[in-house]
Protein chains: 2
Amino acid sequence: MLRPSRQPYPHDLAPKKHPAQPRAKATVRAVLDATARILARDGYDGVTTNHVAEAAGVSIGSLYEYFPNKQSIIAAALARELRQIADEVKGSMRTALALPDQPRGGIDHWMRGMMASLDRRSRLLRVAMREVPFFWDIPEARNLSETLQHIAQEGRRKSERVLHFDDPEADTYLLMTMCWAAILQTVLYRPAHLSRERLTRTLVDMVTKLL
Amino acid sequence: MLRPSRQPYPHDLAPKKHPAQPRAKATVRAVLDATARILARDGYDGVTTNHVAEAAGVSIGSLYEYFPNKQSIIAAALARELRQIADEVKGSMRTALALPDQPRGGIDHWMRGMMASLDRRSRLLRVAMREVPFFWDIPEARNLSETLQHIAQEGRRKSERVLHFDDPEADTYLLMTMCWAAILQTVLYRPAHLSRERLTRTLVDMVTKLL
DNA sequence: ACTTAATCCGAGCAAATGCTCAGGTCTACT
DNA sequence: AGTAGACCTGAGCATTTGCTCGGATTAAGT
């Protein structure tokens, strides 16, 4: 495989040029769609530029009109998906806070919202997090973690609940991390022993008990 | 890059031949050492067979005397490390159960043991879990998860504690998963906000409170 | 109509990399 | 000493793949 440099990962993940005309926008969209599809189906090494171009129905030359290299194509495809997840998670937090039966009902609603959002993209996310070497260099990936933290902190303040330990901020961070990790674990890696429903209920129980 | 088949990942991760003579054992050891070193330093794509052979001080031909392909070399190197981690974690569980001040003291000791074991290999593990596509096809990787579960279940029984929810088995699984995930998160991905010590204490607090 | 820029095309180059193979060297055993 | 087999060597093949580049085509502006 041709590597552009000796550096392990390129920091050149940004697109190259903005598509101006509608024709060009359609091209870029087709490329990102194809990339996401191939990535989910064939894994990281299954993504070759020629293959992507063919699947998108455009020529190789067109890819490199808008992206400086292969990594930036994959990064753009993932970034788009991650932005959607962040929006969906924010949305379910908003409705969760408006619910009666706080905090239990809110937590329940939010958990299910997050799981649904991840579940819809489980194959893609699994590959992204397990195989894409520069995944955490994608700004949207870092953002998602931060966003989750912000939402959690905000939720804690609004619901006027505190964990029963020392530092509410650190406790919330940790609890959020743990919940997120548990959800990822079950949604992405599908353990045989534990059903989705059972996980959700237990998780809600735990968090409620700790609040 | 030459891929042996269209299948996403090879199940051909097993070594090919056992080294019989001491000279050969040294060769294999040198190969595994070099592989782990390069993997940790340069990432998955930095591992090339020629490079590994050179770094190990043996010729390419010798690699393929004992391993059928590149993946099996990486798998063997990681398997060796994972076996050590499993042993260390088991060890710290044994001493943890012998401690006074249960369950708090035991949990504290065990947590610290796990973190130390992971910390010693953090770079390698980070690459392994983030980039190696067949990581979870390595039997030792699956085993480690199972081992953790077994140890946790055993610890729960021995300490005669139960979580306060429905099904002790599922609750323990979930709690173990969450703790493990939180530890991995902090050891491997080094969040700036939260110190190692603070995480450990809070984690022990939480688990103690839930028991 | 003319110009300029945006967009698209795709054959093919340059480089990397997994792995083979024909033959050499060392060890164990009779 | 002789032999079988374990072990090692490394030049080079076969293949893959990221990406360039010269030029065609289409759209926008005047």
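As the structure is a prediction and not an experimental result, all values here were calculated from the model. So that the names make sense, note that chain A is the first sequence line, chain B the second, and so on, each numbered from 1.
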For [X], report the nucleic acid contact type (base, sugar-phosphate, nothing); a contact means any heavy atom under 4.0 Å.
X	answer
A:E65	base
A:V52	nothing
B:T48	sugar-phosphate

**Report entry** Closest listed nucleotide, where the reference is the side chain of A:Q21 and the choices are D:dA27, D:dC7, D:dG18
**Finding:**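 Of all the options, the side chain of A:Q21 is nearest to D:dA27.
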
Query raised in the report: Quick one: which of C:dC8, D:dC19, C:dG18 gets closest to the side chain of A:S59?
Result: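 Looking only at side-chain atoms, A:S59 lies closest to C:dC8.
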
Report task. Under the side chain to side chain contact (heavy atoms under 4.5 Å, CB included) rule, what do B:L203 and A:M178 come out as? Steps first, then yes or no, please. Result -> CA-CA 10 Å; B:L203 212 50; A:M178 291 174 77; 3.6 Å; yes

Query - Side-chain ion pair, B:R201 and B:D108, N-O less than 4.0 Å - result: no

Measure [atom1]/[X] against [atom2]/[N] and give the value in whole Å, please.
X	N	atom1	atom2	result
A:I73	D:dC19	CD1	C1'	10 Å
B:Y44	C:dT17	OH	P	13 Å
B:K70	C:dA16	NZ	C1'	11 Å
A:D12	D:dC19	CG	C1'	14 Å
B:E54	D:dA11	CD	C1'	15 Å
A:I60	C:dC13	CD1	P	16 Å
A:L63	D:dT20	CG	C1'	13 Å
B:D45	D:dT16	CG	P	18 Å

Requested in this report: Could you check B:P19 against A:N50 and say which one's nearest nucleotide on DNA chain D is further toward the 5' end?
Outcome: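 Its nearest nucleotide lies further toward 5', so the answer is B:P19.
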
Requested in this report: Working to the nearest 0.5 Å, report the span between CZ of B:R94 and NZ of B:K90.
Outcome: 8.0 Å

Requested in this report: Kindly state which residues belonging to residues 22-38 of chain B come within less than 4.0 angstrom of DNA chain C, counting heavy atoms of the residue only, listed by number.
Outcome: B:R23

Query raised in the report: Counting just side-chain N and O atoms, does B:Y66 come under 4.0 Å of either OP1 or OP2 of D:dC8?
Result: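 Yes, such a contact exists.
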
Query raised in the report: Are OP1 or OP2 of C:dG18 and a side-chain N or O of B:T49 less than 4.0 angstrom apart?
Result: yes

Query - Name of the residue among A:L13, A:V132, A:I73 meeting side-chain contact (heavy atoms from CB on, under 4.5 Å) with A:L78 - result: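 Among A:L13, A:V132, A:I73, the one meeting side-chain contact (heavy atoms from CB on, under 4.5 Å) with A:L78 is A:V132.
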
**Report entry** A:F67 vs A:V28 side-chain heavy atoms within contact, under 4.5 Å
**Finding:** yes

**Report entry** salt bridge (charged side-chain N to carboxylate O under 4.0 Å, His left out) partners of residues 25-38 of chain B, not counting sequence neighbours, each pair once
**Finding:**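 Pairs touching residues 25-38 of chain B that pass the test: B:D33-B:R80.
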
**Report entry** Short side-chain to backbone donor-acceptor contact, A:S117 and A:M114, under 3.5 Å
**Finding:**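 Checked: no pair found.
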
